[in-house]
Amino acid sequence: MNETVSRPPLTIRLCGPRGFCAGVDRAIQIVVLALKGFGAPVYVRHEIVHNRYVVEGLEAKGAVFVEELDEIPAEHREKPVVFSAHGVPKSVPADAQARNLFYLDATCPLVSKVHKQAMRHQRLGRHVVLIGHAGHPEVIGTMGQLPEGSVSLIETIEDADRYEPVDADNLGYVTQTTLSVDDTAGVIKRLQERFPNLTAPSADSICYATTNRQEAVKQAAPGCDLFIIVGAPNSSNSKRLVEVALKAGAKRSLLVQRAAEIDWDDIGPIGTLGLSAGASAPEVIVNEIIEAFKDRYAATIELAEFSIENEHFLVNRELRDIELTHDDMAWVNG
């Protein structure tokens, strides 16, 4: 009997864009190039991006992940230490300089832009309102650009209702780059209702990649029996995609790190599957999940493209003379 006939039909709506954004791509390239140019070990402060596959893949190549700079042995002080794509407080590069460490900052340029927006608000005499998730590395990094007490964190509309600033006429807001576009708009609207003189940043803080991935999921979700988002449970932008899929009409939505996590008995009968990936999820895992469904279903791929991204961010000057080949990145890009 023909195996294909015996398998149930399935349409996979594959979102575009999905997966790595330019900032994540650059951060991983920085570690790979540092390893090529300077040899192992290369130290990385915190996860370079929120993805275990990426972290473990870089560890296999010789990267050593540390939580704080004092974990770097004295004999490796000349080895590069890379700061994660999420950004770091100002105290971290200052500490690196004090320890005479050679550091490479992999902060996403769009996160750096938010840092500059926050600093501009403060320079112009405004108290900074940061819309974001408490404890997220990006929020810690942004708050760490400014003196203590000059930033107030708002997470929800309820927080916006409770917020009582010292000077309601001198406020400026910025946002974490990976938030839900719709949810954030609601928080901003409430803040603007309460504080009419609230000053917006000079440009939208939520990055283009977050917006594009959410819009693609919104378009693909209606009619989906199941929507799978490839990403890590500590990835803010990936978790937002799960929420967006449900709000936009998918019957169910799951966050999955690898194909092995899928509980096939729990899925039940499905005819249409939505599939996307957070900005730190490698394309090889998307392909792995597609193949897992093709093993069990007579699957056809339907592209659900919202836009095409052509952004590219240059790596640090110290790394630009080191050649980066397709093979160097095949472990994540396929």
Side-chain angles (χ1 to χ4, degrees), residues 8-21 24 49-53 132-133 136 155-157 175-187 206-283 285-294 296-297 299-309:
L10 178 69
T11 299
I12 300 176
R13 288 185 190 161
L14 183 61
C15 289
R18 65 184 175 275
F20 284 177
C21 61
V24 165
V49 296
H50 283 156
N51 188 275
R52 281 311 305 166
Y53 177 92
H133 298 297
H136 190 278
E155 295 194 66
T156 63
I157 288 176
T175 80
Q176 187 178 328
T177 63
T178 55
L179 300 177
S180 159
V181 175
D182 293 340
D183 290 350
T184 306
V187 175
I206 295 177
C207 81
Y208 75 90
T210 299
T211 303
N212 288 348
R213 279 152 191 70
Q214 289 180 18
E215 287 300 324
V217 167
K218 271 187 205 174
Q219 290 188 13
C224 284
D225 301 302
L226 175 65
F227 213 113
I228 286 181
I229 303 297
V230 184
N234 60 339
S235 165
S236 173
N237 77 86
S238 299
K239 290 197 291 186
R240 300 295 81 73
L241 291 177
V242 173
E243 295 164 2
V244 167
L246 288 171
K247 284 183 182 175
K251 290 177 186 169
R252 288 183 69 197
S253 186
L254 300 175
L255 184 65
V256 171
Q257 295 190 83
R258 300 293 301 269
E261 289 184 10
I262 298 171
D263 183 348
W264 298 100
D265 293 332
D266 182 55
I267 283 178
I270 58 171
T272 303
L273 170 75
L275 181 59
S276 188
S280 26
E283 185 68 7
I285 300 181
V286 175
N287 293 336
E288 173 186 284
I289 286 171
I290 290 172
E291 290 308 310
F293 274 94
K294 283 185 171 179
R296 294 162 175 83
Y297 296 85
T300 54
I301 305 291
E302 182 183 281
L303 290 179
E305 281 202 328
F306 170 71
S307 65
I308 295 172
E309 294 174 351

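All values below come from the heavy atoms of this structure, side chains included, with hydrogens, waters and symmetry mates left out.
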State, yes or no, whether a side-chain contact exists between [X] and [Y] at a heavy-atom distance under 4.5 Å.
X      : Y      : result
Phe227 : Leu273 : no
Arg18  : Glu283 : yes
Thr300 : Ile12  : no
Ile290 : Ile301 : yes
Leu254 : Val242 : no

Do Asp182 and Lys218 sit within salt-bridge range, that is, some charged N less than 4.0 Å from a carboxylate O?
yes

If you compare all heavy atoms of [X] against all heavy atoms of [Y], which two are closest, and at what distance to 0.1 Å?
X      : Y      : result
Asn212 : Pro17  : CB-CG, 3.6 Å
Arg252 : Asp266 : NH2-OD2, 2.8 Å
Cys15  : Ala216 : SG-O, 3.7 Å
Asp183 : Glu243 : OD2-OE1, 4.2 Å
Val187 : Ile157 : CG2-N, 3.8 Å
Val230 : Val286 : CG2-CG2, 4.2 Å

Residue Ile308 excluded, over 12 heavy atoms near CD1 under 6.0 Å
no

Answer yes or no: is there a donor N or O on one side and an acceptor on the other, between the side chain of Glu309 and the main chain of Cys21, under 3.5 Å?
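Looks like no, no N/O pair under 3.5 Å.
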
For Arg296 and Ala292, indicate whether the former's side chain and the latter's backbone hold a donor-acceptor pair under 3.5 Å.
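At least one qualifying donor-acceptor pair exists.
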
Could you walk me through whether Leu255 and Lys239 satisfy the side-chain contact (heavy atoms from CB on, under 4.5 Å) test, starting with their C-alpha distance in whole Å, then the side-chain angles of each, then the deciding distance to 0.1 Å, before giving a yes or no?
CA-CA 7 Å; Leu255 184 65; Lys239 290 197 291 186; 4.0 Å; yes

Under 30°, 30 to 60°, or over 60°: which ring-plane class applies to Tyr297 and Trp264, parallel, tilted or perpendicular?
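Because their plane-to-plane angle lies in the 30° to 60° range, the rings of Tyr297 and Trp264 count as tilted.
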
Apply side-chain contact (heavy atoms from CB on, under 4.5 Å) to the pair Arg13 and Cys224, showing each step before the final yes or no.
CA-CA 8 Å; Arg13 288 185 190 161; Cys224 284; 3.8 Å; yes

Gap separating the [atom1] atom of [X] from the [atom2] atom of [Y], nearest 0.5 angstrom:
X      : Y      : atom1 : atom2 : answer
Ile206 : Thr177 : CD1   : OG1   : 8.5 Å
Glu305 : Gln219 : CD    : CD    : 11.0 Å
Glu215 : Phe306 : CD    : CZ    : 4.5 Å
Arg213 : Ile229 : CZ    : CD1   : 11.0 Å
Ile262 : Gln257 : CD1   : CD    : 12.0 Å
Glu302 : Leu275 : CD    : CG    : 12.5 Å

Chi angles and distances behind the side-chain contact (heavy atoms from CB on, under 4.5 Å) call for His136, His50
CA-CA 11 Å; His136 190 278; His50 283 156; 3.9 Å; yes

Give the C-alpha distance, both sets of side-chain angles, the deciding distance and a yes or no for side-chain contact (heavy atoms from CB on, under 4.5 Å) between Thr210 and Leu179.
CA-CA 7 Å; Thr210 299; Leu179 300 177; over 6 Å; no

Does anything in residues 228-237 pair up under side chain to side chain donor-acceptor pair (under 3.5 Å), and if so which pairs, sequence neighbours excluded?
Glu47-Asn234, Gln176-Ser236, Thr178-Ser236, Ser235-Asn237, Ser235-Ser238, Ser236-Arg240

